[in-house]
Structure formats: C-alpha cells, structure tokens
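Within every chain, numbering begins at 1; the chains are lettered A, B, ... in the order of the sequence lines, protein sequences first and strands thereafter. Treat the numbers as computed from the prediction; the structure is a model and nothing was measured.
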Amino acid sequence: MINKQCPSVAEAVADIPDGATVMVGGFGASGSPVELLHALIDHGARDLTVINNNTGNGEVGLAALIGNGQVRKMICSFPRSSQSKVFPELYRAGRIELEVVPQGTLAERIRAAGAGIPAFYTPTAVGTVLAEGKESREFDGREYLMERWLKADFALIKCETADPLGNLTFNKTGRNFSPLMCMAATTTIVQATHLVARGNINPEHIVTPGIFVDRVVEVPDPVHEDILIAEGRRYA
Amino acid sequence: MINKQCPSVAEAVADIPDGATVMVGGFGASGSPVELLHALIDHGARDLTVINNNTGNGEVGLAALIGNGQVRKMICSFPRSSQSKVFPELYRAGRIELEVVPQGTLAERIRAAGAGIPAFYTPTAVGTVLAEGKESREFDGREYLMERWLKADFALIKCETADPLGNLTFNKTGRNFSPLMCMAATTTIVQATHLVARGNINPEHIVTPGIFVDRVVEVPDPVHEDILIAEGRRYA
Amino acid sequence: MSHGWTREQMAARAAHDIPDGAYVNLGIGIPELVTQFVPEGREFIYHTENGMLGMGPPPTEDERDLDLMNAGKKYVTELPGAVYFHHADSFSMIRGGHIDVCVLGTMQVAENGDIANWSTGAPDAIPAVGGAMDLVQGVEKIYVITQHTTKTGEPKLVGRCSYPLTGAGVVSRIFTDLAVVDVTPDGFQVVELAPGVDFDEVQQKTGAPIRPPA
Amino acid sequence: MSHGWTREQMAARAAHDIPDGAYVNLGIGIPELVTQFVPEGREFIYHTENGMLGMGPPPTEDERDLDLMNAGKKYVTELPGAVYFHHADSFSMIRGGHIDVCVLGTMQVAENGDIANWSTGAPDAIPAVGGAMDLVQGVEKIYVITQHTTKTGEPKLVGRCSYPLTGAGVVSRIFTDLAVVDVTPDGFQVVELAPGVDFDEVQQKTGAPIRPPA
C-alpha cells in the first residue's frame, strides 16, 4: 500500500541541500507552513532560492529563514508588509537578491511548470519596467510578454486534511499558491493539520491530487504567524 | 439578489445565432448536456462551429445536432466512437469540416482562452502531421509547438449541482472539459440536475465559481445518451 | 458650505457607477469603502485575488478564521455563495476578463489612461507589485478613487506619469474629491463636479488640460 | 510445448517492470490487462485522462454510475483514495511529467523509438488522435505491448514507421508475444526471449536489425 506519511517535519526536510530552489506556500500568514519552515531552519540548508508571494512576517517562519541567512534570493510579488522588517534590511544592505514578479504571472509560471508548458504569453506588465528584457509579441492587435515556467526542487506546503496518498484539501484562502506549487516542485513536502485514512476524503472535494505530493507529515494544531508575532515570538 | 436561473432550456439557448461557435461539455456520453443540445436542435441555429472532445453518440444529443445539418465544423480530439455514425458519414461526404486537436492541447487551449493567455508552448504533436503549419521553438534543448487560445460564443454544460449564482459541482468523470469551457465562452449556459439555494454548496467544494456562468436551468432526472441509444431512440 | 466630496462620498459616487451583479475587485484604502455604499437594489460580488469570491466584512473576534484573509492581509468573512480557489484560477478571472470592475487607489494617473500606483521608483524603494499589473491589464473597467492632489498640493492627474507605470492606457474613470473625470481619447473630461467645486478649481489642480462637463 | 507469450503473459511481463507506487496510464486493448497482473506487494494507481486517479475495475450493473467512464468510454469504478479533476489538470499530470508509466498498444514502433498508433493515414480514414500525442510526449516511460507482427505477418517493429507518427523517439520498451525489446541509442535490443522462442525467429520477424540478449 502506498503511504507517503513521514514521521516528522525534521525528517521531511532532511534532504534539502544547500543551493536548492524551494517554493513555500502561503499568502502572507495565511496557509504558511510554519513548522516546515522552522524545520528547515533547524536543518540549516543555505544558499537557497525561495519562491513565495511575500517575504515573511515578523521574525518567524519564512522571515526567520531569511533572517538566519539561509536565503540567497527571493522570487516574489510583494516583498513588503507592515510586519516584515527582516527582508527589507537585508535587501537594502545588498545581502539578498530579489526577483519581483507580478502576482498573476508568478502563479501562472508556477502552474506552467507543473503542467509541462515551458512558456506562455500574458498582457500583464506590458509597458512597465517589469517588461524590460522580456520578449514581447502581438496577438490579434494586442501586445503580450512571453513568460517562462518556474520550477523548484522542493515545495513546502500547509494543508488542512491529507490522506496517505497525498490527496489534499485546504482551508479557505489558505489555499492560494499551494496547489500550484505542489505541481511544480520535484519533491513536494506537506504538513497536514489532519491526516485521515485513505478513502476518507470525498473524491469530488480533493483539491490537490496525491500524484503531486511526495511526503505528508501530520502537524496537529499548527502555530500561526500572526499569533506568534502578537506574542512577540521569534524563531532562531 | 443575483439570480442566474433561467426557466427553461428553450429560453436558455434562444439567442444562439446562426454561425455561433459553441463549446459542448462532456466526454463521450459522460457529462453530455443532452437536454440543452436537444433544445438547440429545436431552436434551429445553423452553420455552427462546435467544440467537443468527440462528435456524439448514436443519433441523440450532439450526434443529432450534427445529423440535423446545423454544424458546419467540428473541433475535437476524437471524432470516432463505436456508436457514432452520423459524423463519419457527413465527413466522408465532405459536408462537415473537421479540426483535430490532441486532447490535452484542446483542453489547454480552452483553459488559455478563459485565463487570458493568447498562446502557449506544448511538446504535444511535435514531429507529427498535426504540427504542420505550426510555429515551433526550442526551450532548454527541447522542441515545442505554439498553440493559440480557443474561445467560444456559447458553452453548453451539464453539472450535478448549481446555485443561483452559478456555482457548480460535477459528478465524477462527468466533469471533464466542462469547467474549462465555462471559463472560455462569452455566454455559459448550464443545465443542473439539482438547483439549490445560495449558500447550500460548501465554498470549498465548488468546482466552477459562478463568475464563469451566465445561465442555469434546472433539469432534474436528465436523460443519458447511453440509455437513449440502448432504447433505440433518436432525436430529430 | 460643503466643498468637494469626503472619502465616503467618493466611494459612494464610484459605487453608483457599478452595475448590479458586477464582480468587483477593490484595492486597498478608499476603494475598500465601496462595500458600504452599494446602491439599493444592487448586489456586487467581491473578488479578492488571493483566492475568493463572495468576500464579506471583517469578522468579529469570535468569527475570525486565521486562514481567511483578503489581498491586503486583513481578516475577512465569507458570504453565502462564496467560493475558494487557487491563485492560478483567481488570476484567470482577472487576466481572462471575468472581473467587471476594479477600483484602485493611485499615486498618479495620466490623461492617456496610464496609471502609476506601485512604486515611487526611488533608489532605496523595495519594488512590490503584488497583483496590480495583472488587475489593470485584465479587468474590463479600471476605476480610480483618489484625492485630486497630493498632501503637498501636487496634481495626481497628470499629463504623463513620472513614477513607474503599473499599466499603460488602462484607466476608464477617476473619482476624486473634486470631480468625476473620464479618460477619453482626447484626454481628461469632467463628467460631474462635486458640490461647491467649480471647474476652474479642477483645471487649476489638474496637471494636464481637462475639459469641462458637457 | 509453449511458444511465446499470451496476451495475459505479455501484460504480466509489462506489469513486472512497473515499480511499486507508480502512477500508470493504460491504453485500450492488451494494456488494460495489466491491472490483473500487479505483482504481489506492489500498488499502481491508474490515471484515466478524462479526469480521474484511482480508477477501479468495471462495475456490476448495480454499481454503475453513468458519468463514471474511462478514456475508452467504458464504465469503471472508483477505488478508495480516488480523485476527480478536469481535463486541464488531467493533462497537466501527463504533459508535466507526473505520470510514471504509460502502456500503449501500437500499429508500428521504430528502432529510433518513434511510435505510430493513431492513424493509418489512409485517404478515407477519419483522423482521431485523442490523448495519444500528449501521452507519448509527457509520460516519462512509454511502454508498448503489441503482437510482434500483424495478423498478416508484417513486422510491427520496424526501421522507420510508414504510418503517421504519434510521437518521435519516445518509446522505452516493447513487450511482444516473442520478446521484451528495449529501444536503445543503437536500435532494438532484446532484453528477454519468451519461452520456446529463439533469437533467430525474433530477428526474422523484426523489420530492422535487432541485437540478441546480452
């Protein structure tokens, strides 16, 4: 019987090497796989390229990973937030690279990687500085930019419910980029708030089919960045 | 209060003009919107371009629409089946046009139309006769073909459950192309086996968000092509 | 005597121009006030680009779900008929032209419909674009709500944007504290003046030629 | 005395080469028999391109759901852990390299890995490609199960396909009634001979040079 369950977050991330490209699910604090991120801090892989919509909050989760000097480059759409200090400081000091991608283009590039589409055209960012250096082309009288797929070696994902085949459901807007990242990474590692037996998720309700998932770790009662920040916590 | 409910299949299809491009959901008999197709036969619009994976079964539903001479051109991946006689006869007689598109490319072209992606690259059909006349391009040492989006004026869709906002769920492999076609048509017309009140479908379980749907008609106890064919029925 | 529109009145005036049944995406700031001024008999469905249609008002402490946020990372609620989806589907709604109206704030908007609302272009600014460039290219009608001038009195309606563009030629209509202004092929056109505001004041505070109401 | 493999034995031999936990797509015909010969201790998950993972065997009359079909339009069942999805997601699994093995029937397969299994190219043939071209480009390992020759004794393993290609250079391994044959950079290579079959017979019935087992 196929069983993708992994006993701990530490074991789940243990083979992420230095230099890896890692997608991290979540939009701000919503859907952020905090326990997996903290396990990656403990594991210590460095020189990472991280793909996420943002750059983390406070000094926990993704922000803590960045603050710990493990991230060489961020690829994201919005590297600011009212509670993010870690990234801006490193960025202004020239100690971390940044590739800014419009949010919809970021999502579509990740999906394209999962779908075997090496490139596509989008109207987004035409006529802006983010179009510089990009191929443009006209279709039916309108200008579009060519964008390439965006793949990763690993994805770190938080879901609501998983089964041992890696079938997943998410909670509300905690879904965001996660189903796309599951498709686009060579190895997809998921922390599930609930792990249920095979057959216990309605096949019509599964959002991410298990074929896109490699490892599942149950993390009941996960912490939430907003709560950690409100409590003044930091991870290091 | 927004209410996309339409009182009858006849009224739902009444404004489909001659010459329209019409997407029809379903894969073989599974998920085929038979009542909407029969309403379109009664309505009588001609010179249609129809997009479906197949060309209908027996002499009901899509096959009956084709048999009635209303279809100028079919765009599909597999215009044969053991029970399809109508299309092959017309095709061999030179009375209907055919564009054959690989199944995954057909799905992706339809999704691209709904997603505002005018063109994308795919490895499918490279080195085959279906690549003739298509632009090809190399990415990372592999050859790909450029494919364009595929839009329609109308989509005829069968779903399992709908609410008045047009939020939809489907039944098993009756889902197939339908969610994509809902996105890609200017006007999406849905027959729902069950119409429920707003709020009665779990927001996590909705497959097609109502934003992609224009009209919903309740058709309880819909007929199924395989049953009609087994009973020796034809529609004309 | 009243002079010009308040933030709430600007939002109400914008809401007045949104048709019943519209799918609407609201930017952060004054645009968020639109939800409070939906005209009687109309219903708008709110899209938030992080994966939801049918977004409702902020939750009470008890209602709050830590995973349920809007694009501005504020906690929100779901209304009956709401639906969740992933980011690629969400931006398919935007890029594919399915959202009817987007109401944005701005730093500058130009007489040719260019908008600049994501970056000052300052050397130490951290570029953060979010979904703004997708929205302005994908949504059919781009409405802007903005004060007519900056806090220091500089025009925000200009001949050409000096800040980096979010999109070129995309804005339809602008709702300011002084007027409703259309972007036309011939430049700015006042559609309506706010109470107590005369056209000369609008022209004087606009950084490009503007035509009086017809 | 036994000579060669039956259809069932060909399917069993192919199943033997599929690893535990594989996601597998099966073509119509002999490939469908693979499900009956999963080796002890292994589990395969079956993908059907019309939108399902976890496909089970044909239903009884009572179990039958008229919407639940496989890609060959036959009624099937769902196994625990099954999942449904739309066609774009289904072909993302294929095109994106997520399906581990696809087992196909064929009309011809060439020494360079070309496969022709969708059309004879006859002038009156109705071209019907289905998902075949997507599968051969997207799936990591393309296995073919086929009789070594046609009913009239023509080789199906050939130097170059004379029928229109489904895909170029895509086939990894071929399971025939006479042998297991790999497609290598140097052409056909026999991996294993069926019981009672000698290499000379295989060479004689193959339309291109073929190398004996090592």
> Is chain B contacted by the side chain of T166(D), its backbone, both, or neither, given a heavy-atom distance below 4.5 Å?
Replying inline: backbone
> What residue in V129(D), T48(D), I94(D) has the most heavy-atom pairs under 4.5 Å with chain B?
Replying inline: V129(D)
> Where do P127(D) and Y91(B) come nearest, in terms of heavy atoms and distance?
Replying inline: CD-OH, 3.9 Å
> Atom CG of N176(B) and atom CD of E49(D): how far apart are they, to the nearest 0.5 Å?
Replying inline: 12.0 Å
>> Given heavy-atom pairs under 4.5 angstrom as the criterion, report whether the side chain, backbone, both or neither of L106(B) touches chain D.
In response: neither
> V207(B) versus chain D, heavy atoms under 4.5 Å apart: side chain, backbone, both or neither?
Replying inline: neither
>> Between P79(B) and chain D, with a heavy-atom cut-off of 4.5 Å, which part of the residue counts as in contact: side chain, backbone, both or neither?
In response: both
> Going by distance alone, is a donor N or O of one side chain under 3.5 Å from an acceptor N or O of the other, for D226(B) and Y75(D)?
Replying inline: yes
>> Can you give me the closest heavy-atom contact between T105(B) and D134(D), atom names plus distance?
In response: N-OD1, 3.4 Å
> Do D67(D) and K172(B) meet the salt-bridge criterion of a basic N to acidic O distance under 4.0 Å?
Replying inline: no
> Which pair of non-hydrogen atoms, one from G131(D) and one from Q103(B), has the smallest distance, and what is that distance?
Replying inline: N-NE2, 3.5 Å
>> Please classify the contact between L98(B) and chain D as side chain, backbone, both or neither, with a heavy-atom cut-off of under 4.5 Å.
In response: side chain
> Which one of M52(D), M69(D), E78(D) has the most heavy-atom pairs closer than 4.5 Å to chain B?
Replying inline: M69(D)
>> Given heavy-atom pairs under 4.5 angstrom as the criterion, report whether the side chain, backbone, both or neither of D65(D) touches chain B.
In response: side chain
>> Minimum heavy-atom separation for I126(D) and R80(B), please, with both atom names.
In response: O-NH1, 3.0 Å
> Who wins among G72(D), A128(D), A71(D) for the most heavy-atom pairs under 4.5 Å with chain B?
Replying inline: A128(D)
> How far does CZ of R111(B) sit from OG of S92(D), to the nearest 0.5 angstrom?
Replying inline: 7.5 Å
> Could you state the interatomic distance from CE (M55(D)) to OG1 (T173(B)), rounded to the nearest 0.5 Å?
Replying inline: 10.0 Å
> So what's closer than 4.5 Å to chain B heavy atoms on F91(D): side chain, backbone, both or neither?
Replying inline: side chain
> Is R142(B) atom CZ crowded by more than 12 heavy atoms from other residues, nucleotides or ligands, each under 6.0 Å away?
Replying inline: yes
>> Is D89(D) in contact with chain B via its backbone, its side chain, both, or neither, using a 4.5 Å heavy-atom distance?
In response: neither
> By a 4.5 Å heavy-atom criterion (distance strictly below it), what part of N54(B) contacts chain D: side chain, backbone, both, or neither?
Replying inline: side chain
> Among V126(B), N171(B), V100(B), which residue forms the greatest number of heavy-atom pairs with chain D at distances under 4.5 Å?
Replying inline: N171(B)
> Closest heavy-atom contact between A125(B) and Q137(D)?
Replying inline: N-CG, 4.3 Å
> In this structure, are over 12 heavy atoms from other groups packed under 6.0 Å from R137(B) atom CZ?
Replying inline: yes
>> Working note: H86(D) + F170(B), criterion ring pair (Phe, Tyr, Trp, His ring centres under 6.0 Å); need CA distance, chi angles, decisive distance, verdict.
In response: CA-CA 10 Å; H86(D) 62 52; F170(B) 298 88; 9.3 Å; no
> Given the options I227(B), T122(B), N57(B), L180(B), which has more heavy-atom pairs under 4.5 Å with chain D than any of the others?
Replying inline: L180(B)
> Who among G28(B), A107(B), G174(B), P123(B) has the most heavy-atom pairs with chain D under 4.5 Å?
Replying inline: P123(B)
> Going from OG on S30(B) to CG on L66(D), what distance comes out if it is rounded to the nearest 0.5 angstrom?
Replying inline: 9.0 Å
> What closest approach, in Å, do H87(D) and F27(B) show between heavy atoms, and which atom pair accounts for it?
Replying inline: CE1-CD1, 3.6 Å
